[in-house]
Amino acid sequence: HADSAMYKAKQLGRNNFQFYTRELNQVLTERMAIEYRLRHAIENEEFLLYYQPKIELASGRICGAEALIRWQPPDAPLVSPLSFIPIAEETGQIEKIGRWVLYQACLAANRFQRILGRPLPVAVNVSPRQFRQRDLIGTIAETLAATQIAAHTLELEITESCLAHDTPQFIKTLHGLKALGLTLAIDDFGTGYSSMAYLKDFPVDRLKIDKAFVGNLEHESTDAAILKAIIALGHSLGLKVVAEGVESGQQSAYLLQNGCDEAQGYWFGQPLPETEFCELLARSNADDGRRPQNPDPYDR
Ligand code: C2E
Ligand code: MG
Ligand code: MG
Ligand code: MG
């Protein structure tokens with residue numbers, strides 16, 4: 001935001017100088033306020049993890065969960081990660097937040113496992129800066145040991161922008177994580193970095209098709225075609241393919257018909273606080289692992 005405001009200010013020149021200075025100031029002030037308030041958010045226990053179910057399309061069973069962070073400042077409404085993760089990424093605060101997320105998600109994975117009597121894969125989003133942390137692999141190994149979670153239960157979701165930093169160090173990290181036994185997924189596939197060369201070189205296990213291609217699938221034949229092509233591409237490379245942002249039965253049916261392995265979205269269930277997610281798991285377990293019939297995404 002700050003960059004684009006600055007760019008606009010430059011483009012528009014002197015006449016609009018005052019207006020854009022004001023806009024720029026506002027953006028910067030807001031950023032600084034968020035950065036400042038993030039400083040004590042962990043100690044003050046202001047972060048929460050929500051969990052969204054992943055569904056195996058062929059069986060309709062819950063086959064995993066994605067951990068999604070939320071921020072609840074004491075005196076303001078719940079903040080979306082889209083408004084603070086990019087700032088935390090720039091300031092470096094993401095390193096500490098990321099460690100907290102990993103630990104909490106693994107603790108939750110342990111609880112999910114107790115409820116189900118078998119491991120449930122839990123996915124955690126990891127941002128580019130975390131990948132540049134020298135101790136990432138060590139931290140993850142320690143977290144797995146401390147929470148008594150098998151490595152294959154933990155999945156890391158990496159965005160394409162992260163893969164654009166394909167330095168030797170980065171590739172070494174990916175291989176180290178694979179060697180540890182983790183599952184690696186490319187998140188928001190299709191929206192980021194335009195080259196697909198990394199699919200050849202990087203040891204990833206899964207593609208998560210961005211919701212941008214799913215949401216309009218009934219009305220956009222191009223989206224439907226792209227989806228089909230990504231599923232085929234993933235499978236021909238031996239990868240599992242997951243669709244995100246599935247909001248209708250029609251979308252779900254199309255994905256199943258075209259061989260997509262797993263799906264995630266409001267149609268199956270929205271992200272839930274941990275206790276509610278545990279209740280969902282317990283119910284679905286009693287029901288032979290199938291999700292409840294006629295899910296209402298807003299039924300909480
Ligand atoms: P993402 O990893 O691609 O997560 C999927 C986003 O889509 C989530 O937004 C989820 O709530 C939302 N979503 C799920 N189902 C549907 C649906 O049917 N329709 C629509 N329109 N949206 C759906 P959320 O929770 O706001 O997270 C946004 C992004 O913030 C995530 O995108 C991820 O990139 C980032 N993020 C979230 N938690 C973390 C975290 O712990 N660490 C890091 N580094 N990034 C995180
Ligand atoms: Mg994700
Ligand atoms: Mg995504
Ligand atoms: Mg996303």
Side-chain angles (χ1 to χ4, degrees), residues 38 41-42 46-55 64-72 77-109 121-133 136 140 143 154-163 183-192 204 206-218 223 230 241-252 255 262-274 277 291 295-298 300:
L38 275 176
I42 290 184
E46 293 171 14
F47 291 123
L48 302 162
L49 287 185
Y50 275 37
Y51 295 90
Q52 186 177 34
K54 295 190 185 189
I55 307 296
E66 177 175 7
L68 294 158
I69 197 170
R70 301 289 180 263
W71 180 22
Q72 177 63 79
L78 208 61
V79 186
S80 149
L82 297 173
S83 353
F84 68 89
I85 291 289
I87 295 175
E89 172 78 15
E90 265 180 55
T91 60
Q93 290 164 316
I94 192 68
E95 297 192 5
K96 194 168 152 197
I97 297 173
R99 275 192 293 272
W100 180 87
V101 169
L102 265 170
Y103 187 71
Q104 295 301 319
C106 288
L107 280 180
V122 173
V124 167
N125 294 283
V126 178
S127 60
R129 183 128 180 187
Q130 287 178 270
F131 264 98
R132 296 200 291 275
Q133 278 176 251
L136 179 69
I140 291 180
T143 306
L154 181 63
E155 179 175 323
L156 302 185
E157 296 191 1
I158 315 160
T159 58
E160 287 183 77
S161 61
C162 191
L163 296 174
T183 305
L184 301 180
I186 301 181
D187 203 352
D188 304 343
F189 186 77
T191 57
V204 296
R206 313 171 134 243
L207 295 185
K208 288 191 77 177
I209 307 176
D210 193 78
K211 53 179 171 288
F213 301 111
V214 180
N216 234 349
L217 143 73
E218 301 100 317
D223 287 348
I230 296 179
V241 182
V242 188
E244 62 177 23
V246 179
E247 295 182 355
S248 74
Q250 221 176 327
Q251 292 164 5
S252 169
L255 291 162
E262 295 173 14
Q264 210 181 325
Y266 299 154
W267 174 251
F268 301 107
Q270 63 175 347
L272 296 172
E274 188 184 321
F277 186 79
R291 68 192 168 88
D296 174 356
Y298 302 105
R300 304 248 326 249

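Please read these numbers as outputs of a predicted model, since none were measured by experiment. Atoms within each ligand, like the ligands themselves, are counted from 1 in listed order.
Among heteroatoms of the N, O or S kind in E157, OE1 lies nearest the Mg ion (ligand 2).
Interface atoms of ligand 1 facing P271, defined by a heavy-atom separation under 4.0 Å, are 11 (O). Annotation for ligand 1: atoms under 4.0 Å from non-hydrogen atoms of E247 are 17 (C), 18 (O), 19 (N), 20 (C), 21 (N). Listed by number with element, the atoms of ligand 1 under 4.0 angstrom from any heavy atom of L82 are 28 (C), 29 (C). Per-residue contacts place D188 under 4.0 angstrom from the following atoms of ligand 1 (heavy atoms of the residue considered): 3 (O). Atoms of ligand 1 lying under 4.0 Å from at least one heavy atom of R70, given by number and element, are 11 (O), 24 (P), 25 (O).
Counting only non-hydrogen atoms, the option in Y266, W71, F84 that gets closest to atom 17 (C) of ligand 1 is Y266. Summarising the contacts of atom 41 (O) of ligand 1 with V101, T159, I85, the nearest heavy atom is found in V101. With L68, V214, I97 as candidates, the residue nearest to atom 4 (O) of ligand 1 on a non-hydrogen basis is L68.
Partner of Q52 under the side-chain hydrogen bond (donor to acceptor under 3.5 Å, both in side chains) criterion, out of E66, Q270, Q264: Q264 alone.
Geometry about the Mg ion (ligand 2) gives an angle of 90° between OD2 of D187 and OD1 of N125, rounded in steps of 10 degrees.
For K208, no heavy-atom contact with ligand 1 is shorter than 4.0 Å.
The N/O atoms of I69, backbone and side chain alike, include one that comes under 3.5 Å of an N/O atom in ligand 1. Polar contact check, W267 against ligand 1: no nitrogen or oxygen pair lies under 3.5 Å apart.
Among the atoms of E244, no N, O or S atom falls under 2.8 Å of the Mg ion (ligand 2). Among the atoms of E66, an N, O or S atom falls under 2.8 Å of the Mg ion (ligand 2).
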